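Position 1 is the first residue of the sequence, and the numbers go up from there. No experiment lies behind these values; they were computed from the predicted model shown.
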Amino acid sequence: QVQLVESGGGLVQAGGSLRLSCAASGRTLSNYAMGWFRQPPGKEREFVGTISWSGGSTFYADSVKGRFTISRDNAKNTVYLQMNSANPADTAVYYCAEGKLATFRSNLYDYWGQGTSVTVSS
């Protein structure tokens, strides 16, 4: 049974930084791509970014490009989302997901975490 657990969410001021973690148990993450998605209050879930199984490829939604960075430590079975220059529009519940492809398409991810809440105050 694969389990993904996000952590690191909380309250941050606009312009500040936060690092989210996604730890996996049940199997190694090193063979799988990982994605980050978010769901702002009252809105649908949206793609944030993704990283290939090796960490050699990443791509991001335009809304976070240049501010957010995804990385992974396969030895620790953990993926990270570094959020810099946060703004109130980044307020959302953030989810990590595991899949076979590094893609923006949420339906191609097989396992999801329970989410961690991020609030950016103005």
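The CZ atom of Arg72 sits 11.0 Å away from atom SG of Cys96, with the distance rounded to the nearest 0.5 Å. For the atom pair OG1 (Thr119) and CG (Asp90), the distance works out to 11.0 Å, reported to the nearest 0.5 Å.
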Between Met83 and Arg67, does a side chain to side chain contact (heavy atoms under 4.5 Å, CB included) hold up when you go through it step by step? CA-CA 6 Å; Met83 303 170 58; Arg67 300 188 299 118; over 6 Å; no
Trp53 and Tyr32: side chain to side chain contact (heavy atoms under 4.5 Å, CB included), yes or no, with the steps? CA-CA 5 Å; Trp53 66 270; Tyr32 299 92; 5.6 Å; no
Show the numbers, then the answer: is there a side chain to side chain contact (heavy atoms under 4.5 Å, CB included) between Lys100 and Asp110? CA-CA 8 Å; Lys100 298 179 181 64; Asp110 300 314; 3.1 Å; yes
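Closest heavy-atom contact between Ser17 and Ser85: OG-N, 4.4 Å. The minimum heavy-atom distance linking Ala102 with Ala33 is given by the pair N-CB, 3.4 Å. Shortest non-hydrogen contact noted between Ser30 and Thr28 is OG-OG1, 3.0 Å. Nearest heavy-atom pair across Pro88 and Ser122 is CG-CB, 3.8 Å. The heavy-atom pair separating Lys65 from Asp62 by the smallest distance is NZ-OD1, 3.1 Å. Here the closest heavy-atom approach between residue Val79 and residue Ser71 is recorded as CG1-O, 3.3 Å.
Side-chain atoms of Glu6 do not come within 3.5 Å of backbone N or O of Leu20 as any donor-acceptor pair. Here the side chain of Asn77 pairs a donor or acceptor atom with the backbone of Leu29 at under 3.5 angstrom. Checking side-chain atoms of Gln114 against main-chain N and O of Val5 turns up no donor-acceptor pair under 3.5 Å. Counting only distance, with no hydrogens or angles, the side chain of Tyr80 and the backbone of Asp73 share no donor-acceptor pair below 3.5 Å. Looking at Thr103, its side chain never comes within 3.5 Å of a backbone N or O of Leu101 through a donor-acceptor pair.
One hydrophobic cluster, built from ILVMFWY side chains closer than 4.5 Å, holds both Val48 and Ile70. The hydrophobic cluster containing Tyr111 also contains Met34, counting ILVMFWY residues as joined when their side-chain heavy atoms lie under 4.5 angstrom apart, directly or transitively. Both Ile51 and Leu18 are part of a single hydrophobic cluster, where members link through side-chain heavy atoms under 4.5 Å apart. Connection of Val120 to Tyr60 is established within a shared hydrophobic cluster, with ILVMFWY side chains joined at heavy-atom distances below 4.5 Å, either directly or through further cluster members. Under the 4.5 Å side-chain heavy-atom criterion for ILVMFWY residues, a single connected hydrophobic cluster contains both Val12 and Val64.
Taking a 6.0 Å sphere around CD of Gln13, one finds it holds 12 or fewer heavy atoms contributed by other residues, nucleotides or ligands.
Considering only residues two or more places apart in sequence or on other chains, Arg27 meets the salt bridge (Lys or Arg N to Asp or Glu O under 4.0 Å) condition with Glu98.
Among residue pairs with one or both ends in residues 41-50, those qualifying as side-chain hydrogen bond (donor to acceptor under 3.5 Å, both in side chains) are Arg38-Glu46, Thr50-Tyr109; sequence neighbours excluded.
With Phe47 as the fixed residue, the ring-ring contact (aromatic ring centres under 6.0 Å, His included) test singles out one of Tyr94, Trp36, Phe59: Phe59.
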